[in-house]
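Heads up: the structure comes next, in structure tokens.
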Protein chains: 2
Amino acid sequence: MMNNEKYERAIKKFKKNNIRITPQRQIILDYMINSDQHPTVENIYHALNKKFSNLSMATIYNNLNLLKDLDIIIEIPNPEGGYRYDFFETPHIHAICDNCGKIIDVDFPQYQEFDEEIKNAVRKYNFSPKTSHIEINGICENCQKKRPQ
Amino acid sequence: MMNNEKYERAIKKFKKNNIRITPQRQIILDYMINSDQHPTVENIYHALNKKFSNLSMATIYNNLNLLKDLDIIIEIPNPEGGYRYDFFETPHIHAICDNCGKIIDVDFPQYQEFDEEIKNAVRKYNFSPKTSHIEINGICENCQKKRPQ
DNA sequence: ATACTTGCAAAGTTTTTGCATTACA
DNA sequence: TGTAATGCAAAAACTTTGCAAGTAT
């Protein structure tokens, strides 16, 4: 199991919140940590069901919602319907292609600085901020080539 | 009909793209321009169906997708299921309450500056940017009072 | 006149729920 | 052991589609 530090930090959050550590949870968490593909529920199901039959869609839905509530993953609208999910310990920008739906993780060193300003802005509305998320839509490299303009 | 300038700019986009101006489109566009409630499809249907019977869900879905493609509105995931929509001519931050789902439009004078930096960051990936969108999750004022902590 | 748009209802997807069973702590 | 989590299948919710009729240009 790779990325032990990320994994351990997440498990610590489970324990802190009295959430049981089941094999299903572990395998879903592990998959999310090690995927950079922004998988859908369907993707996760097919990937994990191979090795771990007896894993139901319902459990994946439950656990993705759980991980979302614990701020371990975030949810991104999928242009093709439903959502895609991303392990989000290190904040980054998501560039989403309007044409093919591809999501690119964009490195953004200024994120922390931005995050501070965003949080200050919402505090003026007496809103207590947690996770910020920046998305930008447009056209990816491949799709620009395919249909120029 | 209020907000004629916003309305006219949108209509101009329709004409530019050879999209017909139907009464349904006009009334949906007008509703989006004048709503600050981030309505769901359901909300729009109920609001408009009163005065304009013979307006179908399908038409609302079609036209919201159209307005989204034209970058007139944006789609925001709704914690309670489905999406909520927002007229998005003047960019702003969305603060989304994890508890009650309320969405607050947060004024953010630095937006333009941020937008520039975000766009520059994604261009390094040969991504051609269009609309950026900043969301922040957390707990709204009311919900903080209800369940302190 | 022509082709785009609409309304309707049906089909297709996606997500949640209820409940009996299992298994973590 | 007690209670939370799971799997399954059914139900609910959400979104798209096909087609005949209507209408903007």
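Per chain, numbering begins at 1; letters A, B, ... match sequence-line order. The figures here come from the full heavy-atom set of this structure, side chains too, leaving out hydrogens, waters and symmetry mates. Keep in mind that what you see is a predicted model, and the values were worked out from it rather than measured.
Residue B:Thr59 has a polar side-chain atom (N or O) positioned under 4.0 Å from OP1 or OP2 of C:dG7. A sub-4.0 Å separation between OP1 or OP2 of D:dG7 and a side-chain N or O of A:Gln24 is present.
No side-chain N or O of A:Tyr85 forms a donor-acceptor pair with one of A:Ser35 less than 3.5 Å apart. In this model, no donor atom of one side chain and acceptor atom of the other lie less than 3.5 Å apart for A:Asn137 and B:His133. No hydrogens or angles considered: nothing links the side chains of B:His38 and B:Asn78 as a donor-acceptor pair under 3.5 Å. Under the 3.5 Å distance criterion, with hydrogens and angles disregarded, a donor-acceptor pair is assigned to the side chains of A:Lys68 and A:Asn65. With hydrogens and angles left out, the side-chain atoms of A:Thr59 and A:Asn62 include no donor and acceptor closer than 3.5 Å.
To the nearest angstrom, P of D:dT6 lies 7 Å from CD1 of A:Ile28. Across the protein-nucleic acid pair, A:Leu55 atom CG and D:dA5 atom C1' stand 12 Å apart, rounded to whole Å. Put simply, OH on A:Tyr45 is 13 Å from C1' on D:dT6, counting in whole angstrom units. Computed from coordinates, the A:Leu48 CG to D:dG7 P distance equals 11 Å when rounded to whole Å. Between the P atom of C:dT14 and the CG atom of A:Asn43 lies a distance of 11 Å, rounded to the nearest Å. As rounded to whole Å, 6 Å separates atom C1' of C:dT5 from atom CZ of B:Arg25. In this structure, A:His46 places its NE2 atom 12 Å from P of C:dT14, rounding to the nearest Å. Across the protein-nucleic acid pair, A:Asn54 atom CG and C:dT21 atom P stand 15 Å apart, rounded to whole Å.
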Summarise how protein sits on nucleotides 18-25 of chain D as a single string, 5' to 3': B when a protein heavy atom is under 4.0 Å from the base, S for sugar-phosphate-only contact, - for no contact. -----BBS
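Using a 4.0 Å cutoff on non-hydrogen atoms, the parts of residues 60-87 of chain A near DNA chain C are A:Tyr61, A:Asn65, A:Gly82, A:Tyr83, ordered by number.
Dense packing is recorded around NZ of B:Lys119, with more than 12 heavy atoms of other residues, nucleotides or ligands lying under 6.0 Å away.
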Side-chain atoms of residues 9-16 of chain B: list all donor-acceptor pairs with protein atoms under 3.5 Å, sequence neighbours left out, distances to 0.1 Å.
from, atom 1, to, atom 2, distance (Å)
B:Arg9, NE, B:Glu89, OE2, 2.9
B:Arg9, NH2, B:Glu89, OE1, 2.9
B:Lys13, NZ, B:Leu70, O, 3.0

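Here the options are A:Arg123, A:Glu117, A:Glu116, the test is side chain to side chain donor-acceptor pair (under 3.5 Å), and the partner is A:Asn120; only A:Arg123 passes.
For the pair B:Tyr125 (side chain) and A:Asp107 (backbone), a donor-acceptor distance under 3.5 Å is present.
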